[in-house]
Amino acid sequence: MSRIQLALNVDDLDVSIAFYSALFGVAPAKTRPGYANFAVAEPPLKLVLIENPGQGGSINHLGVEVADTDAVDAEQTRLAGRGLASIDERGTTCCYAKQDKFWVEGAPHGERWEVYTVLADADTFGEVPEGSTCGCCGKASCDLVPSATACC
């Protein structure tokens with residue numbers, strides 16, 4: 001299974017959860033301080049809300065959630081064959097989940113895209129992966145999400 005991920009910055013998490021629960025007809029799959037995600041079956045969407053007061057209504061990052069690490073590897077190989085560079089992160093903790101993933105570089109307008117699979121649930125928002133200056137959805141979210149202090 002693959003689905004698009006849309007991670008949004010929101011000013012008020014509770015208000016946003018109420019709105020998106022009504023819009024998509026589902027409750028969040030996971031909620032943590034300053035964070036919620038929805039696993040929407042139709043349309044296939046992973047909606048992530050990251051509370052960043054003053055940044056509401058902006059995109060935090062975009063992604064594609066895939067079934068397993070083999071699918072992550074296949075997509076990374078496919079995209080490399082198309083000339084797109086990537087930043088590899090394996091066994092990283094991001095958005096309250098242990099993940100294998102990579103970030104695609106070079107989007108025309110600077111959008112951040114990740115291709116990832118969730119390996120397990122995690123108790124923390126994120127951590128700095130080895131060889132990276134900041135993980136867990138990028139420096140902007142690390143600086144602004146109070147629960148992400150372990151990240152940056």
Side-chain angles (χ1 to χ4, degrees), residues 1-11 13 15-52 55-80 82 84-129 132 134-145 147-148 151-152:
M1 173 212 52
S2 294
R3 61 182 164 197
I4 293 295
Q5 175 192 303
L6 173 60
L8 299 175
N9 293 312
V10 300
D11 288 320
L13 187 62
V15 168
S16 297
I17 287 172
F19 174 81
Y20 288 107
S21 293
L23 180 66
F24 291 114
V26 297
K30 182 189 293 189
T31 58
R32 300 289 191 275
Y35 175 88
N37 78 41
F38 293 78
V40 181
E42 192 58 40
L45 172 68
K46 178 70 154 276
L47 176 66
V48 176
L49 306 177
I50 300 173
E51 191 169 51
N52 282 329
Q55 300 295 314
S58 62
I59 292 176
N60 184 283
H61 67 280
L62 303 163
V64 178
E65 182 181 23
V66 297
D68 54 33
T69 300
D70 289 342
V72 170
D73 294 341
E75 282 302 297
Q76 192 169 26
T77 299
R78 181 184 74 79
L79 293 172
R82 298 233 167 175
L84 295 176
S86 61
I87 299 171
D88 205 42
E89 291 184 10
R90 302 302 167 116
T92 191
T93 299
C94 178
C95 297
Y96 295 99
K98 186 99 168 164
Q99 302 174 355
D100 279 345
K101 67 177 169 182
F102 66 92
W103 292 92
V104 178
E105 294 188 315
H109 300 290
E111 308 85 46
R112 293 177 40 82
W113 278 91
E114 67 177 329
V115 176
Y116 71 99
T117 191
V118 174
L119 305 172
D121 198 36
D123 293 330
T124 59
F125 183 83
E127 65 185 21
V128 178
S132 177
C134 185
C136 69
C137 305
K139 186 166 176 46
S141 65
C142 296
D143 289 344
L144 297 173
V145 176
S147 56
C151 177
C152 291

**Q** Output the distance between atom CG (Asn37) and atom SG (Cys95), rounded to the nearest 0.5 Å.
**A** 8.0 Å
**Q** What closest approach, in Å, do Ala122 and Thr93 show between heavy atoms, and which atom pair accounts for it?
**A**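 Minimum heavy-atom contact is CB-CG2, 3.7 Å.
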**Q** For Leu62 and Ile4: C-alpha separation, side-chain torsions, deciding distance, then whether side chain to side chain contact (heavy atoms under 4.5 Å, CB included) applies.
**A** CA-CA 8 Å; Leu62 303 163; Ile4 293 295; 5.9 Å; no
**Q** Decide yes or no for Gln5 and Val48: does some side-chain heavy atom of the first lie under 4.5 Å from some side-chain heavy atom of the second?
**A** yes
**Q** Salt bridge (charged side-chain N to carboxylate O under 4.0 Å, His left out): which pairs involve residues 35-46, sequence neighbours left out?
**A**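 As it turns out, the salt bridge (charged side-chain N to carboxylate O under 4.0 Å, His left out) pairs with a partner in residues 35-46, which skip direct neighbours, are Lys46-Glu65.
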**Q** Decide yes or no on side chain to side chain contact (heavy atoms under 4.5 Å, CB included) for Phe102 and Val72, but give the supporting numbers first.
**A** CA-CA 8 Å; Phe102 66 92; Val72 170; 3.7 Å; yes
**Q** Please say whether more than 12 non-hydrogen atoms of neighbouring residues, nucleotides or ligands are located less than 6.0 Å from CD1 in Ile59.
**A**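 No, the 6.0 Å shell around CD1 holds no more than 12 heavy atoms from other groups.
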**Q** Within a strict 4.5 Å, meaning less than it, do heavy atoms of the Arg90 and Thr69 side chains meet?
**A**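 Yes, their side chains come closer than 4.5 Å.
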**Q** Indicate the atoms forming the closest heavy-atom contact of Gln99 with Cys94, along with that distance.
**A** NE2-O, 3.3 Å
**Q** Using a 3.5 Å cut-off and no angle test, enumerate the donor-acceptor pairs between side-chain atoms of residues 15-30 and protein atoms at least two apart in sequence or in another chain.
**A**
from: Ser16; atom 1: OG; to: Asp12; atom 2: O; distance (Å): 3.0
from: Ser21; atom 1: OG; to: Ile17; atom 2: O; distance (Å): 2.8
from: Ser21; atom 1: OG; to: Val26; atom 2: O; distance (Å): 3.4
from: Lys30; atom 1: NZ; to: Tyr96; atom 2: O; distance (Å): 2.5
from: Lys30; atom 1: NZ; to: Asp121; atom 2: OD1; distance (Å): 2.5

**Q** Of the non-hydrogen atoms in Glu105 and Leu84, which two are nearest, and what is the gap between them?
**A**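 In terms of heavy atoms, the two residues are closest at O-CD2, 4.4 Å.
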**Q** Please report the shortest heavy-atom distance between Val66 and Thr117, naming the atom on each side.
**A**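 Val66 and Thr117 have their closest heavy atoms at O-OG1, 3.2 Å.
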**Q** With heavy-atom distances below 4.5 Å as the criterion, would you say the side chains of Glu75 and Val64 are in contact?
**A** no
**Q** Please find the pair of heavy atoms, one from Asp11 and one from Gly56, that lie closest to each other, and give the distance.
**A** OD1-N, 3.0 Å
**Q** Residues in salt bridge (charged side-chain N to carboxylate O under 4.0 Å, His left out) with Lys98, at least two apart?
**A** none
**Q** Of the non-hydrogen atoms in Leu47 and Leu8, which two are nearest, and what is the gap between them?
**A** CD1-CD1, 4.0 Å
**Q** Hey, are the side chains of Asp100 and Asp73 touching, using non-hydrogen atoms and a 4.5 Å cut-off?
**A** no
**Q** If we only count heavy atoms from C-beta on, is the Phe125 to Arg32 side-chain gap below 4.5 Å?
**A** no
**Q** Would you sort out whether Glu114 and Glu89 count as a side chain to side chain contact (heavy atoms under 4.5 Å, CB included), showing the intermediate values?
**A** CA-CA 10 Å; Glu114 67 177 329; Glu89 291 184 10; over 6 Å; no
